[in-house]
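What follows is a short report on a single structure.
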Amino acid sequence: MFHLLEKRIAQAVASRIEALYGVGEGKPAQTEQPKQTTFGEIAMPAAFQLARQLKKAPKQIAEQLSSAVGTIEGVSAIEIAGNGYLNLRLDRGYYAAGLLAGVKEEEVRSNEKIIVEHTNINPNKAAHIGHLRNAILGDTFVRMLRSTGRTVEVQNYIDNTGVQVADVVVGFRHLEHKTATEVRELTKTTRFDYLCWDLYARISSYYADHPEAKQWRLDMLHSIEEGHSEDAELAHVVADAIVKTHLATMWRLHIVYDVLPRESEILHLQFWATAFEQLKQRKAIYFENQGKNKGCWVMPSSAFREGGTDEGGEGDESKVIVRSNGTVTYVGKDIAYQLWKFGLLGKDFHYRKWHIYPNGHQVWASTDSVQVSKDEHHFGGGARVYNVIDSRQSYLQDVVVAGLRALDYTRQAENSIHFSYEMVALSPRTCVEMGIELSDEDKKRPYVEVSGRKGLGVKADDLIDKLIEKALEEVTSRHLDEAPEKNRSAAEQIAIAALRYFMLKYTRNSVIAFDFGEALSFVGETGPYVQYATVRARNILRKLADRGESLPDFAAVLSREAMSRQLANEDCWQLLLQASKADSAIERAVASGEPAHVARFAFDLAQAFSSFYQKFHVLDEPDPEKKAFLLWMTDYFRAQLERTLDVLGVEAPEYM
RNA sequence: GGGCGCGUAGCUCAACUGGAUAGAGCAUCAGCCUUCGAAGCUGAGGGUUGCAGGUUCGAGCCCUGCCGCGCCCA
């Protein structure tokens, strides 16, 4: 409703501007939120923007505009403020009646498929908090897109043939002397992702002490890539088992995927070979005959860097795509994968069912042999692709996009979006709590980077467990009479809200210095705070039923005039206005690509409700019209809170 | 050396992409539970937005130069 009026006003003002001054070509005029609520509901700085073009004082333009605009449906007044702001006041009764009737603008649905790739964890050890930020950001963005009517496919790329998997396999082989069969048994009988976490740290430090052992890694990479050996089988056992644990961890946070494209298939189905041919034909890469990159296929830095050089010289920054020994780099495979995402490779994976979630959702995984008929499932071929990857990889993402551009896929290059975010580091205090030794230099820093190689970091499941434990204490202390399993399920929902909100409240390019104290907090700007407001709204409605009363027929009791009377109360009006902005807040967050904006809105909304809750005692209200109105407000808040929480991937518990 | 990002209240972060008196949470202090749940509410103090210039009706945001920090590439 708010968005609808905003658009209507922007159009009306723009058409007057065009009629009066012949500029703007009818493009919607800019609207803003006034700084102060006393200024009205919508502010327009149009006069300032026109002042220069027209060489007139802003105030004079504003006066002309306001008298020329005339009446706009739903707007009760236009005022001039400051030295040229146009401030508009909405007709409160009209607005509320529209909300009650459920008036919405028709969605501009597009059938274009948007692909979002996120999570993308190396399948060689347990997930940690850095991975959580990625998955939660990605999943929330997917929810934002879907809730605004877009079609989205969620991919989780599995690098099951890379160095990290190879290292763990080396660990099982050379440090543990285990066969594939023995390891397969371990996957069933142990906390396998934790076991690999430690083993990975062990083999990494072994390499550090015995540099010659790195030959094991090279040999291992080779035999994994070849396939058909015991080592290759072991690699699959490890990677598949770890992927399973990752999906289970993410499922705890309500995160699911549609398809898992795996690197082993990128290799076996010759995705890279196909992309390589295209790149060679279009001369996007060339064979280097001299210098340090002699014998490699490289992409000239001019393709992805401003001011980059074409020729390999001393300061050569060209990117090697194929090494002189013939192996392809990670970027090369990434270009092939990106081409496939847009349906530009001329090839597809085969697919098999990988896992069904408890809610019935099916995840598929790539495979190299036909297991289902081709027309049963089709993935990839998106019109727009978001890669949720941390900002440390922005250089590589630039190279991938340059690859598309060099192949003349300009539109796809423009629709390749690196959805980047900063890393999650550890606060020095948290390092101390975890017994991680810090150098004097590290102690002075605001944060310390986690290291998977050293096994330093906070495991995702440990953090979730800790959150649940704390939430359970809180819930139990308030509800001693409830069944333990009910308290437990409330605690789980609270923990998830705390975690998801914590990862979302920071904007994407802010480094999170992870701190247990802050992450485990349930007061103030947190997920549980938003849940609490929702629970209280529901409680009012439930208590009403307990008293043997039922919800009035709002449409019958609350006429436009009644709404108008009730909303003369400034507090009520401001609260309702705030609650009605959910759609427009989510849409704006999509446009700016910032899930943190949705989190922030959820908090503001919860704050508004808490204030409403404190100010008005709904059930005790003697005046029937006002009581009906307050009940409607309560129900409206509840619906908006639930909708916003849903976009954040959070549910409110029955009680808390 | 080059590229990207960051620097805002004691601490952690916002600021609708150039708009009006820079806002939240935490922490501190003072109030509010016999009430639809206090995981809450009300209020107070706390700021030269790293520094110096520039662009314009208007700059935390854009440009230039410094200072400090981080990441990536070499």
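We name chains A, B, ... by the order of the sequence lines, and we start the count at 1 in each one.
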Would you measure the distance from the P atom in B:C6 across to the matching atom in B:C13 and give it in whole Å?
14 Å
I need the NZ-C1' distance between A:K505 and B:A24, as an integer number of Å.
9 Å
What is the nucleic acid contact for A:Q393, judged by heavy atoms within less than 4.0 Å: base, sugar-phosphate only, or nothing?
nothing
If the threshold is 4.0 Å, N to carboxylate O, is there a salt bridge linking A:D635 and A:R638?
yes
5'-most contact on RNA chain B: A:Q49 or A:A513, nearest heavy atom basis?
A:A513
Taking atom P of B:G23 as reference, at what distance in whole Å does atom CD of A:Q33 sit?
15 Å
Side chains of A:F612 and A:D571, heavy atoms from C-beta outward: is any pair under 4.5 Å?
no
Sugar-phosphate only, base, or nothing, as touched by A:S420 at under 4.0 Å among non-hydrogen atoms
nothing
Strictly under 4.0 angstrom, non-hydrogen atoms only: write out the protein contact profile of nucleotides 32-41 of chain B, one letter per nucleotide from the 5' end, B, S or -.
---BBBSBBS
List in chain and number order the residues that pass side chain to side chain donor-acceptor pair (under 3.5 Å) with A:D390, two or more places apart in sequence or in another chain; answer none if no residue qualifies.
A:R392
Just the rounded figure in Å: distance from C1' of B:A24 to CZ of A:F601.
16 Å
Looking only at atom P, what distance separates B:U28 and B:C51, rounded to whole Å?
29 Å
Pick the P atom in B:U49 and in B:U8, then give their distance to the nearest Å.
12 Å
Between the side chains of A:S394 and A:H418, does any donor sit under 3.5 Å from an acceptor?
no
Sugar-phosphate, base or nothing in reach of A:S394, heavy atoms under 4.0 Å:
nothing
Using atom NZ of A:K292 as one end and atom P of B:C73 as the other, report the distance to the nearest whole Å.
13 Å
What is the distance, to the nearest angstrom, from the CD atom on A:Q36 to the C1' atom on B:A22?
13 Å
Kindly indicate whether the side chain of A:Y506, heavy atoms from C-beta on, has any atom under 4.5 Å from the side chain of A:R133.
yes
Tell me if B:C13 is syn or anti. Syn = glycosidic torsion within 90° of 0, anti otherwise.
anti
Tell me, do A:F616 and A:K626 make a side-chain contact under 4.5 Å, heavy atoms counted?
yes
B:U12 to B:A27 separation - C1' atoms, rounded to the nearest Å:
11 Å
Quick check: on RNA chain B, is the nucleotide nearest A:F603 upstream (toward 5') of the one nearest A:P34, or the reverse? Name the residue that is more 5'.
A:P34
Where the chi angle of B:U17 falls, syn if within 90° of 0 and anti if not:
syn
In whole Å, what is the span from the CZ atom of A:R508 to the P atom of B:C71?
20 Å
Strand RNA chain B as a dot-bracket string - pairs counted if Watson-Crick or G-U with both distances under 3.5 Å, | where the partner lies in another strand
(((((((..((((.....[...)))).(((((.......))))).....(((((..]....)))))))))))).
Around atom CD of A:E654, are there more than 12 heavy atoms from other residues, nucleotides or ligands closer than 6.0 Å?
no
A:Y447 and A:D515: side chain donor to acceptor below 3.5 Å
no
P spacing across the pair B:A9 / B:C61, given as an integer number of angstrom:
15 Å
Need one value for A:A43: base, sugar-phosphate or nothing, where a base atom within 4.0 Å counts as base even if backbone is also close, heavy atoms only.
base
C1' atoms of B:G58 and B:G43, separation to the nearest Å:
33 Å
Between atom CD in A:E449 and atom P in B:C69, what is the gap in whole Å?
17 Å
Just call it for A:N87: base, sugar-phosphate, or nothing, with non-hydrogen atoms closer than 4.0 Å on any strand.
base
Distance, C1' atom - from B:G2 to B:G60, rounded to whole angstrom:
28 Å
When the aromatic ring centroids of A:F522 and A:Y529 are compared, is their separation below 6.0 Å?
no
For atom OH of A:Y506 and atom P of B:C26, their distance in whole Å:
13 Å
By nearest atom, which of the nucleotides B:C16, B:C57, B:C13 is closest to the A:F48 side chain?
B:C57
Electrostatic pair A:E549:A:R542 at N-O distance under 4.0 angstrom
no
Pick the C1' atom in B:C62 and in B:G18, then give their distance to the nearest Å.
8 Å
Hydrogens and angles aside, do A:Q30 and A:E32 bring a side-chain donor and acceptor to less than 3.5 Å of each other?
yes
